[in-house]
Amino acid sequence: MTFIDRIVSDHYEELGLARYGIGRQWATVLLTPRFVTSRHVVALIFASGAREPSLVVKVPRQPGDNDSVRHEAQVMDQLRSLGAGPEIGVPEVVAVLDAGPHAVLIETAVTGAPLNPKRVGADVPAAVSAGTAFVAALPCTLTAPANGDWYQRTISRPLSDLVSLLPMEPDVSALVERTHEMLEPLRSVDLPAVVEHGDMSHPNLFLQPNGQLQVVDWERSRTDGVPGHDLVFYLQYLSESSERAFSRLAQLAAFDKAFGASGWALDPLRGHLQLRGVNPDLLPLLVIAVWARSAATLAYRLESERGPGHGRNQMRAAVFGDRDFWLWRHVVDTWPRR
């Protein structure tokens, strides 16, 4: 019996796990993501003979590294309290348990086919429709007038942290300075705060037969996010998938095809901003903000995992090799031609 099996068995009655379709016999499949920032082991719990899992269990790789598990559970609980949980395609939190130094998250499994690049390429309009509907269903948590410090909180602070974590990188400092110059018009704009997933791409996406998108892995989420962030991230994933863009240069070309002049992603993004009460003219600036924020959080997540002062060269290599950093630099560098 594995550690995860023991957790499920010990809390089976207490949590009423029978109502999720698993009896006293189940099968456990362990997933060990190989992403550089992956901090968890994930287990899928299958009822005996079932083809789809009933539950998902997440355990931090390192003892005591429990913040992201607890954060993920808190966001999913808040979504449910706002009426935007399983109904829109978000897992339900079953429990967060303390097992020695580990916080263990148990949640319901989502159903559907993985929205992988092949499935995206087979029907891009259906994927656009599913993702646009999902992001639109994520609630606002603060009105624009009540969200006055949004720029400092969601843009300035992450970029400042990035410079602090890579203090000997003049290219990064210059890119941050140029980004702030370009985003200056945003500072005086009131924007609402929205729930933001933060990583809407494969393997976090599942498509049900009715076309509804299901989204897992909420560890990068926040409840004070920026309108349009998730949709830009998602549409870029669709563009890369439809173009089979797996190299960095191909990914930049996919970005230009989606978000450049007359790009196909502009209309759904404008429509979403209008839905949020945001001036669509701000679209180019918000696109820049997406990739700046996403690249900045990579360094933060690496530092959180490895500890201050450790793995600096590895961190630099990870940031400079990251797709989001390339997209950030690309959109800033090509701004004069837009």
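- A salt bridge is absent between D171 and R329: the closest approach of a Lys/Arg side-chain nitrogen to an acidic carboxylate oxygen does not fall below 4.0 angstrom.
- Put simply, the side chain of Y12 reaches to within 4.5 Å of the side chain of I22, judged on heavy atoms.
- Taking a 6.0 Å sphere around CZ of R276, one finds it holds more than 12 heavy atoms contributed by other residues, nucleotides or ligands.
- No donor-acceptor pair under 3.5 Å is formed between the side chain of N279 and the backbone N or O of L282.
- For the pair S54 (side chain) and Y20 (backbone), a donor-acceptor distance under 3.5 Å is present.
- For W326 and F320, the gap between ring centers reaches or exceeds 6.0 Å.
- A salt bridge links E196 with R293: at least one charged nitrogen is closer than 4.0 Å to a carboxylate oxygen.
- Heavy atoms only, all atoms of each residue included: P227 and L273 are closest at O-CD2, 4.1 Å.
- Between V319 and F325 the shortest heavy-atom distance is O-CB, 3.2 Å.
- With hydrogens and angles ignored, the 3.5 Å screen pairs no side-chain donor or acceptor of D190 with any backbone N or O of N147.
- Taken from CE in M200 to CZ in F134, the straight-line distance is 5.5 Å, to the nearest 0.5 Å.
- Distance alone, capped at 3.5 Å, is enough to place a donor-acceptor pair between the N66 side chain and the A103 backbone.
- Remark: aromatic rings of H102 and F3 are close, center separation under 6.0 Å.
- Nearest heavy atom pair, residue A295 against residue W328, reads CB-CE3, 3.6 Å.
- By the 4.0 Å N-to-carboxylate-O rule, R323 lies close enough to E240 to be salt-bridged with it.
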* Step-by-step side chain to side chain donor-acceptor pair (under 3.5 Å) determination, T2 to D5 -> CA-CA 5 Å; T2 67; D5 289 324; 3.0 Å; yes
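- At least one donor-acceptor pair under 3.5 Å links the side chain of E72 to the backbone N or O of W218.
- Counting heavy atoms from C-beta outward, L175 and V332 have side chains that approach closer than 4.5 Å.
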* side-chain contact (heavy atoms from CB on, under 4.5 Å) evaluation trace for V128 with W264 -> CA-CA 10 Å; V128 172; W264 61 263; 3.7 Å; yes
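- V194 and L79 sit in two unconnected hydrophobic clusters of ILVMFWY residues. Membership requires side-chain heavy atoms under 4.5 Å apart, directly or through other members.
- Scanning for salt bridge (charged side-chain N to carboxylate O under 4.0 Å, His left out) contacts around E87 gives an empty result, with sequence neighbours left out.
- Paired with E219 under the rule side-chain hydrogen bond (donor to acceptor under 3.5 Å, both in side chains), one option of H40, H71, R70 passes, and it is H40.
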* Asked: Is there a side-chain contact (heavy atoms from CB on, under 4.5 Å) between W26 and L17 once you walk through the steps?
  -> CA-CA 11 Å; W26 60 81; L17 298 184; over 6 Å; no
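- In this structure, the separation between SG on C140 and CG on L82 is 10.5 Å, given to the nearest 0.5 Å.
- Looking at heavy atoms from C-beta onward, I155 lies in side-chain contact with Y151 at the 4.5 angstrom threshold.
- Side-chain contact check for V42 versus V57: every heavy-atom pair is 4.5 Å or farther apart.
- Proximity of V176 to H180: side-chain heavy atoms (C-beta onward) are separated by under 4.5 Å at one or more points.
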* To do: Decide side-chain contact (heavy atoms from CB on, under 4.5 Å) for V96 and V104; before the verdict, give the C-alpha distance in whole Å, the side-chain angles of both, and the deciding distance to 0.1 Å.
  => CA-CA 5 Å; V96 179; V104 179; over 6 Å; no
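- No donor-acceptor pair closer than 3.5 Å links the side chain of T141 to the backbone N or O of D224.
- Contact check for F233 versus D324: side-chain heavy atoms found under the 4.5 Å cut-off.
- R153 and D149 are joined by a salt bridge, as a carboxylate oxygen and a charged side-chain nitrogen come within less than 4.0 angstrom of each other.
- More than 12 heavy atoms of other shown residues, nucleotides or ligands fall within 6.0 angstrom of atom CD in E181.
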* Asked: Could you go step by step and tell me if D217 and K58 meet the salt bridge (Lys or Arg N to Asp or Glu O under 4.0 Å) rule?
  -> CA-CA 10 Å; D217 196 358; K58 296 186 75 169; 3.2 Å; yes
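- You'll find the side chain of F255 stays beyond 4.5 Å of the side chain of S239, heavy atoms only.
- For H197 against D199, the heavy-atom pair with the smallest separation is ND1-N, 3.0 Å.
- The number of heavy atoms from other shown groups lying within 6.0 Å of CZ (R244) does not exceed 12.
- Using a 4.5 Å heavy-atom cutoff, the side chains of V56 and T108 are not in contact.
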* Would F259 and L269 satisfy side-chain contact (heavy atoms from CB on, under 4.5 Å), going step by step from the backbone distance to the final call? -> CA-CA 10 Å; F259 295 96; L269 184 53; 4.0 Å; yes
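- In this structure, S160 contributes its side chain and S156 its backbone to no donor-acceptor pair below 3.5 Å.
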